[in-house]
Amino acid sequence: MDYGTILQILDSAVRLMTPLLLACLAGLYSERAGVFDIGLEGKMLMAAFSAAATAAVTGSVWLGLMAGVLAAVGMSLIHGLAAITFRGNQLISGVAINFLASGLTVLLGQSWFALGGRTPLLEGAARFGSITLPGAEAARAIPVLGPFYAEVVSGHTALVYVAALVVPGTWWLLYRTRFGLRLRAVGENPASVDTAGVSVPRLRWAAVAICGVLTGLAGAYLATGLSAGFVKEMTAGRGYIALAALIFANWRPWRALGATFLFGLMEAVANRYPELDLGPVTIPSMVMSALPYLLTVIILAGFIGRATPPRAGGEPYVKER
Amino acid sequence: MTRLPRWADLVLVPLISLALAFAISALVILSIGQNPVEALKVMVTGALGSSYGWGYTLYYATNFIFTGLAVAVAAHAGLFNIGAEGQASLGGLGVALVALSLPWPHWGIALPAAMIGAALFGAMWAFIPAILQAKRGSHIVITTIMFNFLAAALLNWLLVNVLRPPGSMDPASAPFPETTQLPHLTDMAAAVGIEWGRNTPANISFLIALAACLLVWLLIWRTPLGYEIRAFGRSERAARYAGIRPTRIIVVAMMISGGLAGMMAINNVMGEAGRLLLNSAEGAGFIGIAVALMGRNHPVGIVLAALLFGFLYQGGAELALWTAIPRELIVVIQALVILFTGALDNMVRMPLGRLLGRS
Amino acid sequence: MALSGTQGTAPPAIELRGISKAFGPVQANRDISLIVPAGTIHGIVGENGAGKSTLMSILYGFYRPDAGQILVGGRDAGITDSQSAIRAGIGMVFQHFKLVPNFTVVENVILGAEDGALLAPSVSRARKELRRLAADYQLEVDPDAVVETLSVGHQQRVEILKALYRQADILILDEPTGVLTPAEADHLFRILKGLRDRGKTVILITHKLREIMEITDNTSVMRRGEMVATVPTARTSPEQLAELMVGRKVLLRVDKAQAAPGAPVLELSGLRMVDRAGVERLRGIDLTVRAGEILGIAGVSGNGQTQLLDILGGYPETGAQVTGTARLAGGALPLTGTDARARRHAGIGNIPEDRQAEGLVMEFSAWENTVLGRHRDTGRALMDNEAIRSRAAAQMERFDVRPRDPELAAKNFSGGNQQKIVVAREIESRPILLLVGQPTRGVDIGAIEFIHRQLIELRDAGAAILLVSVELDEIMALSDRIAVMFDGRIMGERLPQETSAAELGLLMAGASPSGIPPEQGQPEASHSEPSKGLI
Amino acid sequence: EPALVFDLGGKFDKSFNEAAYNGAERWKAETGGTYKELEMQSEAQREQALRRLAESGLNPIVTTGFAFGEVLNKVAPDYPETRFVIIDTVVDQPNVQSNVYAEPEGSYLAGVLAGMASKTGTVGFIGGMDIPLIHKFRCGYAEGFKSVRPDGKVITNFTGTTPAAWNDPVKGGELARAQKAQGADVIYAAAGGTGIGVLQAAADEGILSIGVDSNQNHLHPGKVLTSMVKRVDNSVYEAFKAGEAVEPGIKLMDLKADGVGLAMDDNNAPLITPEMTAAVEQAKARIIAGEIVPHDYMSDNSCPAD
Ligand SMILES: Nc1ncnc2c1ncn2[C@@H]1O[C@H](COP(=O)(O)OP(=O)(O)OP(=O)(O)O)[C@@H](O)[C@H]1O
Ligand SMILES: Nc1ncnc2c1ncn2[C@@H]1O[C@H](COP(=O)(O)OP(=O)(O)OP(=O)(O)O)[C@@H](O)[C@H]1O
Ligand SMILES: [Mg+2]
Ligand SMILES: [Mg+2]
């Protein structure tokens with residue numbers, strides 16, 4: 001494998017990582033606040049559809065982005081209502097949200113565009129264009145690092161860079177601010193927050209809303225950055241992989257970057273080498289695509305590392321002395 | 001939290017939740033410029049207006065009874081089995097292996113063997129998440145989700161590389177021998193002189209599903225094992241005090257659950273398709289969640305809810321055929337039913353509690 | 001500000017006027033008025049469920065009262081939530097700590113009281129403040145320690161520090177000593193006295209009249225949601241307080257004949273247990289319980305009694321390592337087994353410490369609960385529910401369980417009646433050895449007498465009974481022999497007629513009978529005041 | 001009243017199903033008739049769909065896609081009065097017309113054009129599901145390409161091994177980028193809906209692409225070299241036109257019958273030089289004349305151009 005191929009695979013991995021990373025961080029906020037969210041997939045799907053539909057109609061990718069974020073936040077609202085306000089079962093609510101998105105996107109898409117649940121192809125300003133970072137072309141001359149900068153770092157769409165910034169941002173917010181302290185506390189022991197005179201529902205609502213915004217970005221990227229329009233079920237399990245990455249990352253932002261990059265890389269490698277030939281063994285593509293799920297199970301089983309989810313996760317908070 | 005009288009909790013809450021789900025579905029239909037009343041008419045005539053419609057409704061209901069029972073048995077043990085879909089797919093594999101392995105002389109011999117194969121493979125697929133939950137504390141919801149994907153990948157690989165007959169382009173197994181074709185309800189009705197449900201896939205599995213309901217009822221409410229499952233599901237500590245071993249219950253309940261989900265395959269794989277197709281479970285495993293929630297984890301409720309979803313499924317297929325409403329409408333309805341009965345139930349329960357003036 | 005109970009002209013620290021609060025049909029607080037003078041330690045006593053915690057939670061803004069007014073320092077404090085209570089200078093240490101286990105002490109302390117949107121300034125201020133508070137009040141804790149690694153006593157200090165960091169002038173403590181070793185309790189009381197001496201007001205909820213007599217200036221008594229009396233502690237007695245609590249003269253004496261112990265039923269030797277975290281919870285227990293006698297095990301909770309009962313019951317904590325030998329009625333009893341059913345089969349009955357979490361499946365009906373643990377005894381494939389129902393009805397009749405409805409879910413019975421269902425089940429199985437943990441916790445006097453009588457009758461019928469209770473009076477009243485447990489060891493055995501509560505209290509505090517300090521006991525333990533008779 | 005059943009991927013896949021749809025619409029516009037249409041959502045639905053259509057007396061029933069083969073084999077005998085038409089595979093039943101296309105012939109022409117348009121001498125092929133049918137496309141393409149660039153290289157990728165492979169534009173796009181990185185400057189996408197992603201990525205990356213089944217030249221004018229069209233529309237149109245009298249048996253749609261071909265229109269005109277046109281015309285003539293026989297991969301599961 002030559003350097004150019006490696007760069008190309010890394011470049012592809014960065015693109016494929018981005019929706020996973022955004023969704024994973026979305027889940028991180030929600031679950032760190034004690035609201036489990038297996039509805040990432042649905043929110044992303046809904047966002048992808050809304051973003052593509054709006055961009056197709058208005059011709060503006062930015063309006064599309066806003067619509068995508070709004071749609072995902074709307075789905076988050078349903079989840080918040082179930083999980084926070086009515087103290088329902090968060091897992092069931094997540095399952096319902098995934099189905100809702102899966103059905104609604106096609107239903108609405110078919111009724112608006114009559115393209116079998118697809119949106120029209122996005123062109124020009126209706127899509128995110130790639131951004132060439134300053135000096136990318138000039139840097140190519142520098143050996144090793146130059147091409148890396150030009151190929152892997154430069155030339156992505158805006159949301160890729162946004163996602164990359166969300167990682168340190170999340171870390172800073174979580175560990176360096178009052179909001180982060182309270183957010184982490186409410187996921188571990190909501191009673192501690194409540195008795196300290198801070199509203200548990202308000203914190204959880206904030207987390208769920210942030211989760212909505214980030215899944216919105218993830219979905220919008222999928223439909224208007226990574227591809228040029230919405231096709232049904234286009235998330236293709238990425239929400240679940242993001243969930244897997246979240247577990248893999250042990251609910252920490254920097255590790256989320258690592259985990260999603262790993263999963264993005266696996267996808268990129270599988271794309272490039274459907275039958276990965278490792279000398280003595282050939283790994284079929286099914287194994288490659290199943291690997292994130294398999295890894296998650298292994299992590300959960302505690303054979304590598306140990307997943308320690310937020311302690312109050314999944315439990316509706318009921319005041320108790 | 002205010003408490004409701006039992007009847008209200010068992011009947012009124014699900015009914016109101018269902019009504020809400022349907023009301024919102026009607027709004028969705030309106031919003032895509034269609035007429036909900038017309039849609040309902042198409043669904044009712046298509047699913048219940050003829051013996052043909054009923055044949056399909058019962059066929060789908062059979063699937064949902066199995067997966068609904070599967071989710072319910074796990075729920076009694078306090079376990080949320082989202083993996084019925086994968087377990088049902090693996091059940092299909094079990095059926096296919098049985099049906100293709102021997103020259104079965106008669107369906108009557110092939111059926112019990114296929115049932116064992118189906119249940120065994122489904123149970124096996126539930127076993128790993130169960131043992132990981134019991135021994136390593138891995139959250140069963142996440143592991144069963146992952147196992148759904150793993151099941152899909154495994155079946156993809158098997159169907160493409162192993163089970164696909166030479167020269168075929170479909171990722172599907174070879175057709176099962178004619179002799180393994182299960183008797184259709186049509187044939188059974190014809191045997192007693194009734195013409196009913198011609199060319200529909202409803203088959204003897206429906207009766208087996210009903211028998212499974214009875215057995216599950218006996219298991220849960222009449223056997224010591226069922227007592228243990230319920231005790232464990234409601235209080236793990238009390239169960240331990242009572243000498244009920246958590247590992248055993250988690251594993252046994254999940255394997256029964258997986259076995260039931262797997263048994264669905266005798267209906268769709270053996271009874272209908274006659275070969276193993278890709279994605280054979282068609283989401284029935286997830287519908288099992290809605291069915292169990294609606295049916296309050298009780299076999300009688302599950303049969304009723306399964307019929308409802310059978311109706312929705314068949315009605316939805318008719319909708320797609322005769323109107324401009326895509327079949328995805330039933331996915332939306334399914335989502336709303338799960339949402340309102342399973343996650344927003346307190347939204348119904350709280351005001352109802354005030355209304356009924358009980359605490 | 002006036003010191004120690006003297007009532008000056010200064011407004012009271014707290015004044016409650018006509019507070020009422022109902023949870024559904026349960027009237028937890030009914031028209032309660034209370035004055036707590038500033039700079040005093042004010043005790044509140046009352047039976048379980050009397051409404052003490054509810055009242056304090058209202059004061060702390062955690063619950064909203066249905067009616068009534070709260071005055072702090074003479075002014076309506078406008079307490080609507082915990083935030084406003086904190087602003088009014090009220091701090092609360094809950095019975096179950098409200099700490100974030102994986103946060104450090106500093107993080108826990110600043111949570112909710114941060115100085116701004118960024119953490120750094122709060123953290124550095126908190127460090128300084130914690131150093132000062134530690135010096136002022138003997139509240140030393142490592143600010144960077146992760147809370148879950150701290151002992152219970154230290155965690156409680158963190159709770160107090162949280163309140164003081166928020167500049168609380170009024171500190172409420174809800175049953176603070178229930179989880180403490182006597183030494184830790186003593187340290188706590190020194191802290192509380194220190195707080196009072198610096199002008200702070202302390203409200204202390206406790207069940208232990210000894211503590212009331214020892215430390216409080218005034219005491220209020222609650223009964224069934226009402227405030228029945230507030231008296232200066234110096235002018236009352238434990239007997240009077242007890243009478244106020246229950247509403248009638250209390251005579252906690254059990255009439256029982258002299259025991260006629262027979263052959264040993266349970267013989268334990270060298271029982272050790274290391275829990276999953278690697279902590280040794282039992283450090284070599286030797287015990288014998290004979291037929292026809294009650295062996296009482298006294299001790300502060302958390303000294304290994306629970307582990308002892310769980311191991312004997314056949315359901316030790318998962319991952320625990322158990323060693324040692326045991327014999328039951330002469331035959332070997334494998335200790336490592338985790339088969340509670342086999343234990344029952346061998347004739348061991350078990351009234352667990354926590355009836356709601358262990359003794360009953362709260363969602364199950366009463367009749368289903370009557371076979372919990374014995375649900376496989378018939379050995380048949382199907383359970384005979386009709387037979388179980390009718391036996392349950394008869395049992396409820398005999399044990400006076402009210403309401404007498406076998407179909408009612410266990411959660412819908414009151415605490416005392418829940419306990420009767422458990423006691424009935426275990427006693428009627430005619431065990432040769434009955435394990436009993438905290439049989440009367442949260443149970444009213446009438447039921448206590450009934451349950452005690454049942455235990456004596458079982459003893460007189462020849463059963464061996466191992467009784468664990470934190471209530472010293474219960475141990476004294478029921479036991480034929482008393483063993484005292486401390487830190488996973490038996491500190492000594494006494495006959496009830498030959499010992500005193502004072503001596504037992506010493507043993508419970510870890511003072512070794514021969515006067516040699518125990519290896520594990522805290523050094524300051526020995527000078528803890530011997531407990532007087534608890535009532 | 002005739003009926004048309006679309007395969008997974010849906011009628012607006014801009015490709016195979018859409019071609020069928022266009023044929024039906026053409027018939028509708030010309031005759032003013034109506035027809036029933038249905039889209040598949042899952043594998044397991046096929047049988048119910050066919051039966052329901054047959055039950056309700058629709059005739060003929062046209063099914064698009066080889067995946068209906070097995071099911072049709074089972075269903076057709078139950079409805080002897082109904083005529084079925086299947087596209088892309090052969091079903092040997094007395095009431096079924098099987099339409100098969102000479103994909104190698106059309107693909108051969110595409111390969112010739114790719115060979116002439118390529119500057120790097122490396123071209124790409126992205127297939128949908130990895131099945132012999134798609135290898136037919138690949139093999140013809142490779143042969144045509146090698147006929148003009150004997151030393152050239154064809155990079156091949158498939159999106160998957162299941163029907164989901166027809167509908168994964170994201171992966172299609174990634175594969176196209178990977179092929180470009182390996183030097184490919186013309187990429188032929190025989191991948192249904194996935195091809196949309198391939199064509200998009202190729203346009204974004206500034207290389208050429210070749211569409212399939214339908215004329216996809218208009219998707220990115222000036223960036224799609226050509227499209228290898230299968231005249232599925234003609235099959236559907238003719239079946240509808242024949243109505244209940246549709247002829248059972250095998251119907252071969254090859255170059256001669258105008259069943260396959262390259263799409264040339266205004267959108268790709270700037271890309272096509274006169275030499276290219278000449279070369280393609282010449283190859284076409286020789287194929288029709290039988291002088292060139294592009295290899296049918298499915299005849300022996302191998303490709304001489306490999
Ligand atoms: N959140 C609640 N919901 C319903 N009932 C409650 C709630 N909290 C308290 N109660 C009821 O209110 C009454 C008073 O309870 P409270 O906890 O105040 O008693 P307490 O005096 O603190 O008892 P203990 O000594 O056991 O701590 C009890 O009957 C209790 O069951
Ligand atoms: N949280 C609750 N919700 C609903 N009902 C309750 C609740 N707590 C108690 N009850 C009901 O109120 C009644 C009184 O309960 P409580 O525990 O206060 O009894 P009690 O007077 O303390 O009796 P005992 O002395 O036997 O414990 C019980 O019959 C119970 O059914
Ligand atoms: Mg209390
Ligand atoms: Mg009580």
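No hydrogens, no waters, no symmetry mates; every other heavy atom, side chains included, goes into these values. Letters A, B, ... mirror the listed sequences (proteins, then strands); counts begin at 1. Since the structure is predicted, the reported quantities are computational estimates derived from the model, not experimental observations.
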So what's closer than 4.5 Å to chain C heavy atoms on Arg311(A): side chain, backbone, both or neither?
side chain

Say you draw a straight line from CZ of Phe179(A) to CG of Leu119(C); how long is it, rounded to the nearest 0.5 Å?
12.0 Å

Heavy-atom count around Met66(A) CE within 6.0 Å, excluding the residue itself: above 12?
no

Between Val100(C), Asn102(C), Ile86(C), which shows the greatest number of heavy-atom pairs under 4.5 Å with chain A?
Asn102(C)

Examine whether an atom of Asp81(C) lies under 4.5 Å from a heavy atom of chain A, and if so say whether it belongs to the side chain, the backbone or both; otherwise answer neither.
neither

Thr195(A) side, atom OG1; Gln83(C) side, atom CD - distance, nearest 0.5 Å
11.0 Å

Are there more than 12 heavy atoms of other residues, nucleotides or ligands under 6.0 Å from atom CD of Glu148(C)?
yes

Checking heavy atoms, do the side chain of Arg176(A), its backbone, both or neither come under 4.5 Å from chain C?
backbone

Ignoring hydrogens, what is the shortest heavy-atom contact between Leu111(C) and Val193(A)? Give both atom names and the distance.
CD2-CG2, 4.1 Å

Quick one: are Phe103(C) and Asn189(A) in side-chain contact, heavy atoms under 4.5 Å?
no

With a 4.5 angstrom heavy-atom cut-off, which part of Leu99(C) approaches chain A: side chain, backbone, both or neither?
backbone

For Glu107(C), which of Arg182(A), Arg184(A), Arg178(A) qualifies under salt bridge (charged side-chain N to carboxylate O under 4.0 Å, His left out)?
Arg184(A)

Side-chain heavy-atom pair Trp172(A), Leu118(C) within 4.5 angstrom cut-off
yes

Arg166(C) versus chain A, heavy atoms under 4.5 Å apart: side chain, backbone, both or neither?
side chain

